[in-house]
K.L.:
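Handing you this structure, nothing more for now.
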Amino acid sequence: MSTEGGMTTLDLDNWQALRRHLIDHADDIVRDKALLEALGLQPKSRHLIDFGPAALSRLEARALKDFDVRRQLEMTAKANFDAQSQTHGLCLALMEARNHSDLARRLQEEARNRFGLVAATLSLEDTAPVPLGWKTLDYGGVDYIIGETGLSLLGPDAVCRVLFDDDVKRVKSAAVLRIALWREGRPGLVAFGSSDYDGFSPDMGAELVAFVARVVERVADRWPVLS
């Protein structure tokens with residue numbers, strides 16, 4: 001037996017001797033309830049030791065872990081389902097728009113009421129008249145905001161004053177998506193602003209907001225912009 005760093009260690013010979021000693025005194029050990037309880041064991045009969053408490057402890061820990069994982073999966077699935085349902089409801093409301101201005105108004109109201117967002121806006125580059133209620137971007141503004149090849153931009157970097165005006169003070173993260181209207185493919189943006197820094201993040205999937213952007217394109221194509 002030796003001592004290292006304040007802890008006692010057994011060499012092989014001493015361990016074998018201790019093991020034989022434990023076997024020789026097995027009956028005494030079985031009767032020592034305090035020792036068995038400290039080891040997480042429980043005597044069942046003269047020749048049987050129940051490992052129940054120790055085994056159940058491990059099983060309980062595993063069950064709790066599995067329950068947490070399952071609960072997280074269920075919560076994620078429910079959140080995704082709710083988001084899809086709300087998105088479909090938003091799109092149905094957009095499809096009932098009567099003109100470009102009504103489309104922008106509906107997008108703003110539905111995004112606030114259904115998703116609790118700060119703002120949702122539509123914008124077009126000023127190469128031609130811009131509908132009432134839409135934001136006006138300088139020529140090349142779309143590429144400047146999301147990049148020449150970008151289709152979407154999510155996260156704090158997407159927060160832009162020209163897209164949210166005074167609401168930008170409350171917007172902490174945003175989702176901005178490219179749209180192209182009419183035959184000439186006139187560049188524009190659909191933007192959603194959240195008051196939560198994690199409301200939109202770069203690693204977040206953009207499928208649902210991209211779907212809304214495509215619906216906006218189709219609905220806006222119904223009417224020409226008055227010159």
Side-chain angles (χ1 to χ4, degrees), residues 83 86-88 90-91 93-95 97-227:
Q86 293 294 346
T87 300
H88 292 159
L90 181 151
C91 291
L94 298 183
M95 293 171 65
R98 298 183 299 273
N99 51 52
H100 289 119
S101 297
D102 189 35
L103 178 62
R105 180 188 63 79
R106 286 172 180 267
L107 181 68
Q108 175 90 306
E109 291 182 355
E110 292 292 322
R112 286 177 172 173
N113 294 335
R114 292 181 180 274
F115 297 99
L117 297 176
V118 173
T121 65
L122 300 175
S123 60
L124 281 175
E125 293 187 359
D126 61 354
T127 54
V130 176
L132 183 67
W134 291 46
K135 308 298 181 184
T136 301
L137 301 176
D138 294 335
Y139 176 73
V142 172
D143 290 345
Y144 177 79
I145 292 173
I146 66 172
E148 294 183 1
T149 60
L151 298 178
S152 63
L153 179 64
L154 281 73
D157 291 340
V159 178
C160 182
R161 176 174 292 277
V162 70
L163 299 177
F164 299 111
D165 294 332
D166 291 340
D167 286 328
V168 74
K169 299 176 182 178
R170 296 187 293 134
V171 175
K172 306 304 180 184
S173 64
V176 181
L177 300 104
R178 181 189 295 268
I179 56 175
L181 301 184
W182 303 294
R183 292 182 179 180
E184 65 271 23
R186 187 171 169 192
L189 294 172
V190 178
F192 300 92
S194 171
S195 60
D196 187 348
Y197 282 104
D198 296 324
F200 297 104
S201 60
D203 58 347
M204 182 182 295
E207 291 81 4
L208 288 180
V209 284
F211 178 74
V212 174
R214 301 292 78 79
V215 172
V216 168
E217 286 180 331
R218 302 300 185 273
V219 175
D221 272 343
R222 293 175 180 173
W223 318 285
V225 176
L226 299 178
S227 58

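None of the values given here were measured: they were computed from a predicted structure.
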K.L.:
At their closest point, which heavy atom of Lys169 faces which heavy atom of Lys172, and how far apart are they?
P.N.:
O-NZ, 3.6 Å
K.L.:
Using 0.5 Å steps for rounding, measure from the CG atom of Leu122 to the OG atom of Ser101.
P.N.:
10.0 Å
K.L.:
What's the spacing between Leu181 CG and Arg186 CZ if we round to 0.5 Å?
P.N.:
8.0 Å
K.L.:
To the nearest 0.5 angstrom, please state how far the CG atom of Leu124 sits from the CD1 atom of Ile179.
P.N.:
6.0 Å
K.L.:
Show me, pair by pair, the donor-acceptor contacts under 3.5 angstrom made by side chains of residues 130-140, not counting sequence neighbours?
P.N.:
unit_1: Trp134; atom_1: NE1; unit_2: His100; atom_2: O; d: 3.0
unit_1: Lys135; atom_1: NZ; unit_2: Asp165; atom_2: OD2; d: 2.3

K.L.:
Any chance you could lay out the side-chain hydrogen bond (donor to acceptor under 3.5 Å, both in side chains) test for Asp203 and Ser201, step after step, and finish with the verdict?
P.N.:
CA-CA 6 Å; Asp203 58 347; Ser201 60; 2.6 Å; yes
K.L.:
Run the numbers on Arg98 and Trp223 for side chain to side chain contact (heavy atoms under 4.5 Å, CB included), then give the verdict.
P.N.:
CA-CA 9 Å; Arg98 298 183 299 273; Trp223 318 285; 5.6 Å; no
K.L.:
Any chance you could measure Leu177, atom CG, to Phe192, atom CZ, to the nearest 0.5 Å?
P.N.:
7.0 Å
K.L.:
What is the distance from atom CD of Gln86 to atom SG of Cys91, rounded to the nearest 0.5 Å?
P.N.:
11.5 Å
K.L.:
Does this structure show an ion pair linking Glu109 with Arg112, if we count only N-O contacts that are shorter than 4.0 Å?
P.N.:
no
K.L.:
One pair to check against side chain to side chain contact (heavy atoms under 4.5 Å, CB included): Leu107 and Val212. What are the steps and the verdict?
P.N.:
CA-CA 9 Å; Leu107 181 68; Val212 174; 4.1 Å; yes
K.L.:
Tell me, yes or no, whether the heavy-atom count around Phe211 atom CZ, taken from other residues, nucleotides or ligands under 6.0 Å, exceeds 12.
P.N.:
no
K.L.:
Which residues pass the salt bridge (charged side-chain N to carboxylate O under 4.0 Å, His left out) test with Arg218, not counting sequence neighbours?
P.N.:
none
K.L.:
Begin from the C-alpha positions of Phe200 and Leu117 and carry the test side chain to side chain contact (heavy atoms under 4.5 Å, CB included) through to its verdict.
P.N.:
CA-CA 11 Å; Phe200 297 104; Leu117 297 176; 4.0 Å; yes
K.L.:
Partners of Glu110 by side-chain hydrogen bond (donor to acceptor under 3.5 Å, both in side chains), sequence neighbours excluded?
P.N.:
Arg114
K.L.:
Sequence neighbours left out, what passes side-chain hydrogen bond (donor to acceptor under 3.5 Å, both in side chains) with Ser195? Give chain and number order.
P.N.:
none
K.L.:
Just do the side chain to side chain contact (heavy atoms under 4.5 Å, CB included) check on Val118 and Phe164 with the steps written out, would you?
P.N.:
CA-CA 9 Å; Val118 173; Phe164 299 111; over 6 Å; no
K.L.:
List the atom pairs, with distances to 0.1 Å, where a side-chain N or O of residues 145-163 and a protein N or O form a donor-acceptor pair under 3.5 Å, not counting sequence neighbours.
P.N.:
none

K.L.:
Return the set of residues passing side-chain hydrogen bond (donor to acceptor under 3.5 Å, both in side chains) with Asp143 (not counting sequence neighbours), or none when no residue passes.
P.N.:
Arg178
